[in-house]
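Residue numbers start from 1 in every chain, and the chains themselves are labelled A, B, ... in the order their sequence lines are given, proteins ahead of strands.
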There are 2 protein chains.
Amino acid sequence: MTITQLQYVLAVAEYQNFTLAAEKSFVTQPTLSMQVQKLEDELDILIFDRSKKPIAITEVGMKIVAQAKNIVNEANRIQDIVDQEKGFIGGEFTLGIIPTVMPTLLPMFLKTFINKYPKVNLIIKEKSTENLIRNIQDGHLDAAIAATPLEIEFIKERPLYYEPFVGYVPAQHRLGNANQLIPDDLDINDILLLRDGHCFRDNIINLCDASKSFKDDHFQLQSGSFETLINLSNEGLGMTLLPFLNTLELDDRKKQNLKNFQSPSPAREVSLIYHKSELKIQITNALYDVISSVVRGAIAFQDVKIISPLSK
Amino acid sequence: MTITQLQYVLAVAEYQNFTLAAEKSFVTQPTLSMQVQKLEDELDILIFDRSKKPIAITEVGMKIVAQAKNIVNEANRIQDIVDQEKGFIGGEFTLGIIPTVMPTLLPMFLKTFINKYPKVNLIIKEKSTENLIRNIQDGHLDAAIAATPLEIEFIKERPLYYEPFVGYVPAQHRLGNANQLIPDDLDINDILLLRDGHCFRDNIINLCDASKSFKDDHFQLQSGSFETLINLSNEGLGMTLLPFLNTLELDDRKKQNLKNFQSPSPAREVSLIYHKSELKIQITNALYDVISSVVRGAIAFQDVKIISPLSK
DNA sequence: AATCATAATAGCTTTTATTGATAGTTTTCC
DNA sequence: GGAAAACTATCAATAAAAGCTATTATGATT
């Protein structure tokens, strides 16, 4: 049994296809096939059921794949140990970011980071919180930026910043004259929300008084952008709430419709999250330092009340 | 990096000598030397400091060795997974036993077990509870027999039997005339105890009324054998307590000094414990079945009160 | 039946692991 | 202080393996 064989097995398990797995492993298909066979021979057990299309993993195969993942991950840590010793910060690093943070936060730190750590090849993927978590577990992501607290067993959370919610309330709205917002004034039924799957949607649902039930309205909104929500809001379809960073780039006319919450403002906690096994911890730490330092300049410290991003 | 290389590194780390490590790895010394060098080259770091005699492990080397141990253990588990699937009962199985159980229990089941499962190569090690737990975690032990409950997160406990405590009270002792013992009669200060580290010592300390404080006496006993305690007891230095199985082989004269506790007798729970990952569960189950069946014949069922083996 | 997608096999090449012999050190011991 | 012993590194040769290209086998789809 070799680590290479285990890696090949993992590739096949992932792509359910020997040819593709071989490609992704940068070897030819026969090479990969034979190594997988060799391992199966050595263990005298079938890992894959090749009679099914696409290829299926046998029952034992599942256990072996899970263990192989483990072993390969642990093996990769050897390099990490060495890197840490040498103070080397480099290599590939895959970072996931939730959609509502991506467009505002990424421009703030990306340039700084790649300048400071030119040897890190940063790969950034936009995904929902749910997928971020899955990919941190399966090793496809080295870290992610998401709204927290998530309280997941295998994940470590390090808060980066607390981002207050800001109301966008057009003049004609019933709250148009209010000076400051308070959560009790909100009615979930006249707030425009992002589509299902965005955790910011759940943030807001959690913020609104649960007693006011969420009734299915005569129109269904399927937007993933605040841009759309603001425009609809201007059309008189309701107010909306934005994360603070998303309010910075609005034009002056739109900024006039912004209303802050009374202190302590409801806010979301945005954290760098990663697997508690702390692989690539040096890069993760570097990332944490860069992001939190750039954010410190953008969000003034204030008293906030953290709203959970989890749907109930 | 290959698993073989890691195994070679582990061998060198263990024997602090390339030649011996090579022997133990069943390869020639150049083979091992070159593979270790190859790994060092690949990682571009020195694992061993060959300038020192005997060979020393570098600082990073320590971390790498620890991680290598991890990886090699995890890799061995693949075979376990396969064995489990096949219902194969065989291979190496390392069992730890606490000292106060070892001499009485082992002869009772060992012969039966090795006859019934000739393909299992049973390796038995006597260790303190503390070390048993550590070695179950690090994979050096597949299972162990210890006094429970321990309530450790990663360990499963399966009670084998409940072993009542029996008093050994010489005639001249203040309790020499009592018919049955009751815990309240005990005074921790006139009971001879095993030396620190034995969990049976803690069993007894927990049994004795905590209100009677444990005062440092004018003599300190450092014995690990009940034999010694009994002899000292006969010399008038106090009474002592024995686990039931240890009373079976006493000569008749000594048996006359034994006194049972009033029902429900205080007892220790002796369990088979193992990692909750349940590797080698077939063998573990086989062991459990064999032991519990032989013990059933030796200890009559009775009402007992379980005393914790943990020192407070 | 022909085609397509995919995995297995065969034959060959390249790479790697291992070996025995030996050289170069350091330690040990007289 | 010097010979012997103990130990690791190096070298050249060889055995083992992992890889590649080309081809065949399999099985589903048209």
Side-chain angles (χ1 to χ4, degrees), chain A residues 1-58 60-62 64-65 68 71-72 75-76 78-79, chain B residues 1-58 60-62 64-65 68 71-72 75-76 78-79:
Chain A
M1 177 169 50
T2 67
I3 294 174
T4 310
Q5 285 172 349
L6 297 177
Q7 284 168 327
Y8 291 166
V9 166
L10 289 185
V12 176
E14 179 165 4
Y15 300 108
Q16 311 247 315
N17 174 318
F18 278 67
T19 312
L20 184 57
E23 239 173 73
K24 298 286 183 177
S25 305
F26 306 105
V27 291
T28 58
Q29 170 264 317
T31 299
L32 184 137
S33 284
M34 292 191 77
Q35 287 306 314
V36 172
Q37 277 181 51
K38 260 191 67 175
L39 181 60
E40 288 180 323
D41 285 352
E42 181 187 330
L43 299 174
D44 193 28
I45 210 153
L46 279 180
I47 298 172
F48 300 105
D49 179 354
R50 295 149 172 87
S51 72
K52 300 219 175 94
K53 303 270 164 150
I55 263 181
I57 308 182
T58 62
V60 230
M62 307 274 256
I64 291 174
V65 165
I71 295 168
V72 170
N76 288 335
I78 296 252
Q79 185 62 57
Chain B
M1 177 171 46
T2 67
I3 294 173
T4 310
Q5 285 171 349
L6 297 177
Q7 285 169 327
Y8 291 164
V9 166
L10 290 185
V12 176
E14 180 165 1
Y15 300 107
Q16 311 245 318
N17 174 318
F18 278 66
T19 311
L20 184 57
E23 238 173 73
K24 298 285 183 177
S25 305
F26 306 106
V27 291
T28 58
Q29 170 265 316
T31 299
L32 186 137
S33 283
M34 291 180 86
Q35 287 306 314
V36 172
Q37 277 180 52
K38 257 192 69 174
L39 181 61
E40 289 179 323
D41 286 351
E42 181 187 331
L43 299 175
D44 192 28
I45 210 152
L46 279 180
I47 299 172
F48 299 105
D49 179 353
R50 295 153 173 84
S51 73
K52 300 219 174 95
K53 301 277 162 146
I55 266 181
I57 308 183
T58 62
V60 228
M62 306 275 255
I64 291 174
V65 165
I71 295 168
V72 170
N76 288 335
I78 296 254
Q79 185 63 56

Please report the distance, rounded to the nearest Å, between CG in A:L32 and P in C:dT9.
14 Å
Scan B:F48 against the nucleic acid and name what it touches under 4.0 Å (heavy atoms): base, sugar-phosphate only, or nothing.
nothing
Considering just the side-chain nitrogens and oxygens of B:T31, establish if one lies under 4.0 Å of OP1 or OP2 belonging to C:dT19.
yes
Side-chain heavy atoms of B:I78 within contact of A:L6, under 4.5 Å:
yes
Using a 4.0 Å heavy-atom cut-off, does B:T19 contact any base of the nucleic acid, only the sugar-phosphate backbone, or nothing at all?
base
Would you tell me if any nitrogen or oxygen in the side chain of B:S33 comes within less than 4.0 Å of OP1 or OP2 on D:dA9?
yes
Between A:V27 and A:S51, whichever has its closest DNA chain D nucleotide further toward 5' is A:V27
Between A:F18 (CZ) and D:dG27 (P), how many Å, whole number?
15 Å
Verify the neighbour count for atom CE of A:M34: are there more than 12 heavy atoms of other residues, nucleotides or ligands below 6.0 Å?
no
Quick one: side-chain hydrogen bond (donor to acceptor under 3.5 Å, both in side chains) partners of B:E40, sequence neighbours excluded?
B:R50
Starting at NZ of B:K38 and ending at P of C:dT18, how long is that distance when rounded to a whole Å?
9 Å
Of C:dA17, D:dA18, C:dT19, the nucleotide closest to the side chain of B:Q35 is C:dA17
Between the base of D:dA9 and the side chain of B:Q29, is there a donor and acceptor pair under 3.5 angstrom?
yes
